[in-house]
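These notes are about the structure you will find just below.
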Amino acid sequence: MSKTSKTKTYNPSSTITVNGQVKSNAQSTKNGATASYNMDPYEQAAYNFAQKSFYENMPNVNVFSDDTVKNLNNQVNAYLNQGINTIQNTYTPMIREMQNDVARRFGNVNNSIFMDNLNDIESQRAAAMSNLAQDIEAKRSELVNNELSNRYNYLSFLNNYQNQAYNNMLSTLGLSNNLLNTNNSHLNSRSNSSNNSNSFYDNAQLAMQLAKFFV
């Protein structure tokens with residue numbers, strides 16, 4: 001009686017191709033399977049850029065260069081000048097109109113009515129200037145926060161891109177390995193079926209030989 005041992009059959013490789021380009025291939029051996037992922041030149045360049053930019057920007061994310069500080073100050077000064085012009089354009093015509101009105105009615109502006117109204121307008125203008133000073137500080141904080149937010153959003157984008165590219169690689173490698181394992185399982189199943197068939201044939205031959213002793 002011959003004894004047949006079950007042996008595993010291994011498919012040497014599995015390949016995933018996208019648009020004519022080999023993206024991933026897996027190699028099977030008796031010791032296991034290995035897989036590799038192939039980046040095209042543009043994919044590699046984008047991944048390298050994201051990695052390099054993240055590395056370069058991370059240490060200085062909270063550090064403002066002289067140019068950045070100058071730019072922020074210019075925006076604050078522009079906001080300040082706009083506020084001053086608005087106040088001046090609001091209260092200067094009011095004072096001029098009041099002067100003309102008092103001069104028409106009383107012949108001069110050296111009277112209590114004019115002074116009382118003038119003091120009231122000056123008080124309103126002083127309050128407006130005080131509010132503007134507070135707005136300036138709020139504007140500066142807003143600009144700084146926006147700058148930091150943009151920087152962190154950019155770092156987040158770079159990090160997310162790297163993670164997505166990495167996950168895509170793992171997904172493709174996993175698919176390649178799954179295809180390889182599925183094919184190997186199919187081949188092993190066929191091999192085992194073939195071995196079982198051979199064992200049945202050997203048993204049948206043995207039974208025929210034993211039957212001769214009983215004739």
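In this structure, D66 places its CG atom where only 12 or fewer heavy-atom neighbours from other residues, nucleotides or ligands lie under 6.0 Å away. Sparse packing is recorded around CE of M58, with 12 or fewer heavy atoms of other residues, nucleotides or ligands lying under 6.0 Å away.
Interatomic distance, L158 CG to N57 CG, rounded to the nearest 0.5 Å: 7.0 Å. Note that the CD atom of Q162 and the CG atom of N167 stand 11.5 Å from one another [nearest 0.5 Å]. Atom CG in N85 sits 10.5 Å away from atom OG1 in T90 (nearest 0.5 Å). To the nearest 0.5 Å, atoms CD (E122) and CE (M94) are separated by 10.5 Å. Considering CG of L132 and CD of Q82, their distance stands at 10.0 Å, rounded to 0.5 Å. The CD1 atom of I136 sits 11.5 Å away from atom CG of N131, with the distance rounded to the nearest 0.5 Å.
The two residues L148 and V61 make their nearest non-hydrogen contact at CD2-O, 3.6 Å. The nearest pair of heavy atoms linking P93 to Q88 is CD-O, 3.6 Å.
Checking side-chain atoms of N71 against main-chain N and O of D67 turns up no donor-acceptor pair under 3.5 Å. A donor-acceptor pair under 3.5 Å links the side-chain atoms of S53 to the main chain of F49, judged by distance alone. The main-chain N or O of F64 is never found under 3.5 Å from a side-chain atom of T68 such that the two would form a donor-acceptor pair. Using a distance-only test at 3.5 Å, with no hydrogens or angles considered, no donor-acceptor pair links the side chain of N159 to the main chain of L155.
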Y37/E43 under side chain to side chain contact (heavy atoms under 4.5 Å, CB included): CA gap, chis, key distance, verdict
CA-CA 12 Å; Y37 181 84; E43 188 179 9; 2.9 Å; yes
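Identified under the salt bridge (charged side-chain N to carboxylate O under 4.0 Å, His left out) test for residues 133-162, with sequence neighbours left out: E147-R151. Sorted by first then second residue, the salt bridge (charged side-chain N to carboxylate O under 4.0 Å, His left out) pairs that include residues 74-92, not counting sequence neighbours, number zero.
Looking only at atom types and distance, the side chain of Q164 has a donor-acceptor partner in the side chain of N168 under 3.5 Å away. Side-chain contact, Y152 with N62: a donor N or O sits under 3.5 Å from an acceptor N or O.
Side-chain contact between V69 and N73 is present, with heavy atoms from C-beta onward closer than 4.5 Å. Looking at heavy atoms from C-beta onward, R125 lies in side-chain contact with T92 at the 4.5 angstrom threshold.
Shown here are the salt bridge (Lys or Arg N to Asp or Glu O under 4.0 Å) partners of K52, two or more places apart in sequence or in another chain: E56.
Ring geometry for F157 versus Y161: interplanar angle of 30 to 60°, hence tilted.
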